[in-house]
Amino acid sequence: MPENAKLVLEGKEYELPVVTGTENEKAVDITRLRDLSGYITLDSGYKNTGATVSKITYLDGENGILRYRGYPIEQLAERSTFLEVAYLLIYGELPTRSQLDEFDNNIRRHTLIHEDMKRFYQAYPTYAHPMGVVASVTCSLSTFYPESLNPNRPWEKINLTITRILAKFPTIAAWAYNNSIGHPVNYPKNKYSYVENFLHMMFSKPTEEYEPDPVVVNALDKLLILHADHEQNCSTSTVRLVGSSQANLYGSIAAGCIALWGPLHGGANQAVIEMLDQIHADGGNVQKYVEKAKDKNDPFRLMGFGHRVYKNFDPRAKIIKKACDDVLNKLGIHDPVLDIAKKLEEVALQDEYFVERKLYPNVDFYSGIIYRAIGIPVDMFTVMFALGRLPGWIAQWKEMVENKEPIGRPRQIYTGAAKRDYVNIAERG
Ligand code: CMC
């Protein structure tokens with residue numbers, strides 16, 4: 001049994017319970033600290049704050065370990081499928097064959113979105129960023145399924161909402177792309193698997209039906225698995241925080257999409273490929289960009305490098321780097337940007353600045369090159385991340401609801417003006 005932590009404040013000692021996780025991670029539980037002492041803790045960016053206890057994902061940033069429900073990410077990426085992983089994350093165990101078939105069939109039954117939603121797409125300009133469209137349409141599902149607003153529904157009903165969002169998200173995402181290129185939207189075809197269906201909706205034309213290529217399907221399935229959950233990151237914490245007010249699942253997921261969109265989070269995959277293209281167009285001088293990234297007067301950062309938690313290597317990046325080589329070889333594509341990415345990684349990993357700060361390539365560094373090789377346009381990259389992260393968001397939201405977690409409401413230390421009296425406008429200097 002771990003000892004309680006002892007904290008001395010203004011000469012008075014307080015005992016605080018220590019919480020220990022499955023892998024011996026330790027936390028000091030400060031829930032009662034303010035009641036006992038009047039103090040709160042301060043932690044900008046939540047760099048050292050555990051927001052919850054969770055049974056979903058284990059991440060050890062020092063040793064580059066990532067496991068979903070105890071299963072190593074390497075095994076899941078190699079041997080599992082995205083839907084199997086989605087089931088695992090959401091329901092806690094790997095499905096039996098019949099459970100997986102039922103899950104898959106239910107999802108296939110709900111892939112259509114309400115025909116009226118098509119009008120939303122017609123109203124967006126073709127230059128609209130698909131993340132804005134996807135987040136808005138996802139939130140709009142709550143208006144078409146108002147029963148989802150009731151926070152006290154039986155689990156059977158909540159499961160239907162979960163099935164709907166999993167089933168409709170690929171349609172919502174692919175339609176955002178169809179719209180962005182001024183093409184008619186493609187309806188889902190339920191003969192296809194989850195990933196095949198998404199690719200069909202993305203790439204079929206009225207003139208020619210897209211035939212899913214198994215190399216592309218496997219690569220995408222793997223990418224989605226690698227993105228499926230990552231414990232309490234910015235977007236997932238957003239989903240839990242928004243959901244903690246008993247906001248509905250569709251709205252909570254839409255909020256997660258927005259949090260993911262930023263270039264420091266899921267938006268990095270788009271930023272990486274734009275950066276690599278820029279380096280390529282600028283003559284491929286990798287060292288110049290490494291120097292720019294180190295220059296504190298230059299806002300430029302090496303996108304796809306660094307991670308809040310991984311301080312050794314990102315296990316997802318290792319798998320993706322290999323998948324990237326495989327996919328490009330199998331598809332017979334030579335992308336000069338892959339050579340630049342590898343060179344950049346090599347140079348940065350030997351540079352003192354990056355070594356000292358433990359900055360390594362993250363999941364986003366190579367994923368964009370695969371997306372591009374399989375024909376996905378750059379501004380859809382973050383949408384792909386969202387498609388992958390969806391089961392994780394759902395699982396984390398479900399866990400938060402099941403645990404009956406209280407509404408999230410951080411505190412602050414106020415540093416503004418002390419009390420002062422109102423001055424009439426005529427008397428202000
Ligand atoms: N290029 C250059 N310098 C960097 C970079 C980078 N990509 N990342 C961090 N640093 C430096 C930073 O300037 C700081 O230096 P100093 O100590 O001298 O001030 C130090 O490293 C620590 O950085 P930080 O910003 O305090 O670290 P953080 O934990 O707050 O940020 C991060 C993590 C991922 C936001 C950051 O590394 C970054 O901006 N990376 C580029 C964007 C990116 O690739 N994001 C995707 C993350 S993985 C996908 C996901 O899960 O969202």
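In listed order, ligands and their atoms are each counted from 1. Residue numbers count from 1 along this sequence. Please read all numbers here as calculations on a predicted model, not as lab measurements.
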Exercise. Parallel, tilted or perpendicular: which describes the rings of Y124 and Y121, with under 30° parallel and over 60° perpendicular?
Worked result: perpendicular
Exercise. Any idea which protein heavy atom is nearest atom 11 (C) of ligand 1, and the distance to it?
Worked result: Y353 OH, 3.5 Å
For this session: Looking only at protein heavy atoms, identify the closest one to atom 10 (N) of ligand 1 and say how far it is in Å.
Result: L359 CD1, 3.7 Å
Exercise. At a non-hydrogen distance cut-off of under 4.0 Å, which region of N233 contacts ligand 1 (side chain, backbone, both, or neither)?
Worked result: neither
For this session: Check ligand 1 against A293 and write out every atom of the ligand that is under 4.0 Å from a heavy-atom position of the residue.
Result: 2 (C)
Show me the donor-acceptor pairs within less than 3.5 Å that the side chains of residues 267-274 make with the rest of the protein, sequence neighbours left out.
| residue | atom | partner | partner atom | Å |
| --- | --- | --- | --- | --- |
| N269 | OD1 | T382 | OG1 | 3.2 |
| N269 | ND2 | F381 | O | 3.1 |
| Q270 | OE1 | H129 | NE2 | 3.1 |
| Q270 | NE2 | E274 | OE2 | 2.9 |

For this session: Identify, by atom number and element, the atoms of ligand 1 in contact range of L264, meaning under 4.0 Å from any of its heavy atoms.
Result: 39 (O), 45 (N), 46 (C), 47 (C)
Problem set entry | Expected output: side-chain N312 to main-chain G64 donor-acceptor under 3.5 Å | no
Exercise. Any idea which of H265, R301, R357 brings a heavy atom closest to atom 32 (C) of ligand 1?
Worked result: R301
Exercise. Should you measure from each heavy atom of G304, which atoms of ligand 1 turn up under 4.0 Å away?
Worked result: 43 (C), 44 (O)
Seminar exercise, completed: A268 heavy atoms within 4.0 Å reach ligand 1 at atoms 43 (C), 44 (O), 45 (N), 46 (C)
Exercise. K294 near ligand 1, heavy-atom distance under 4.0 Å?
Worked result: no
Seminar exercise, completed: The residue among F313, Y366, F354 that forms ring pair (Phe, Tyr, Trp, His ring centres under 6.0 Å) with F305 is F354
Exercise. Are F120 and H114 an aromatic pair by the rule of ring centers under 6.0 Å?
Worked result: no
Problem set entry | Top protein contact for atom 47 (C) of ligand 1, by heavy-atom distance | N362 ND2, 3.6 Å
Seminar exercise, completed: Nearest heavy atom to atom 34 (C) of ligand 1, choosing from A317, G266, G306, belongs to G306
Problem set entry | Contact check, side chains of S140 and T143, non-hydrogen atoms, under 4.5 Å | yes
Exercise. Any chance CD of E352 has more than 12 other-residue heavy atoms, nucleotides or ligands included, within less than 6.0 Å?
Worked result: no
Exercise. How close does the nearest protein non-hydrogen atom get to atom 28 (P) of ligand 1, and which residue and atom is it?
Worked result: R308 NE, 3.6 Å
Problem set entry | Side chain proximity check, E84 to P95, heavy atoms < 4.5 angstrom | yes
Exercise. Does ligand 1 have an atom under 4.0 Å from some heavy atom of L302?
Worked result: yes
Exercise. If you measure from each heavy atom of F365 to ligand 1, is any distance below 4.0 Å?
Worked result: no
Seminar exercise, completed: side-chain hydrogen bond (donor to acceptor under 3.5 Å, both in side chains) test vs T57 passes for just one of N233, D229, T236, namely D229
Exercise. Salt bridge check: are E74 and K318 linked by an N-O gap of less than 4.0 Å?
Worked result: no
Exercise. Got the closest protein heavy atom to atom 19 (O) of ligand 1, with its distance?
Worked result: K296 NZ, 3.6 Å
Exercise. What do you reckon, does F305 have a nitrogen or oxygen under 3.5 Å from a nitrogen or oxygen of ligand 1?
Worked result: yes
Exercise. Does atom 41 (C) of ligand 1 have a protein non-hydrogen atom under 4.0 Å from it?
Worked result: yes
Problem set entry | Atoms in ligand 1 flagged as close to K47, the criterion being non-hydrogen separation under 4.0 Å | 26 (O), 30 (O)
For this session: Look at the aromatic rings of Y187 and W175 and report parallel, tilted or perpendicular, splitting at 30° and 60°.
Result: perpendicular
Seminar exercise, completed: The single option from F82, Y68, F103, Y194 that satisfies ring pair (Phe, Tyr, Trp, His ring centres under 6.0 Å) with Y87 is F103
Exercise. To the nearest 0.1 Å, how far is atom 49 (C) of ligand 1 from its closest protein heavy atom, and which atom is that?
Worked result: D364 OD2, 3.2 Å
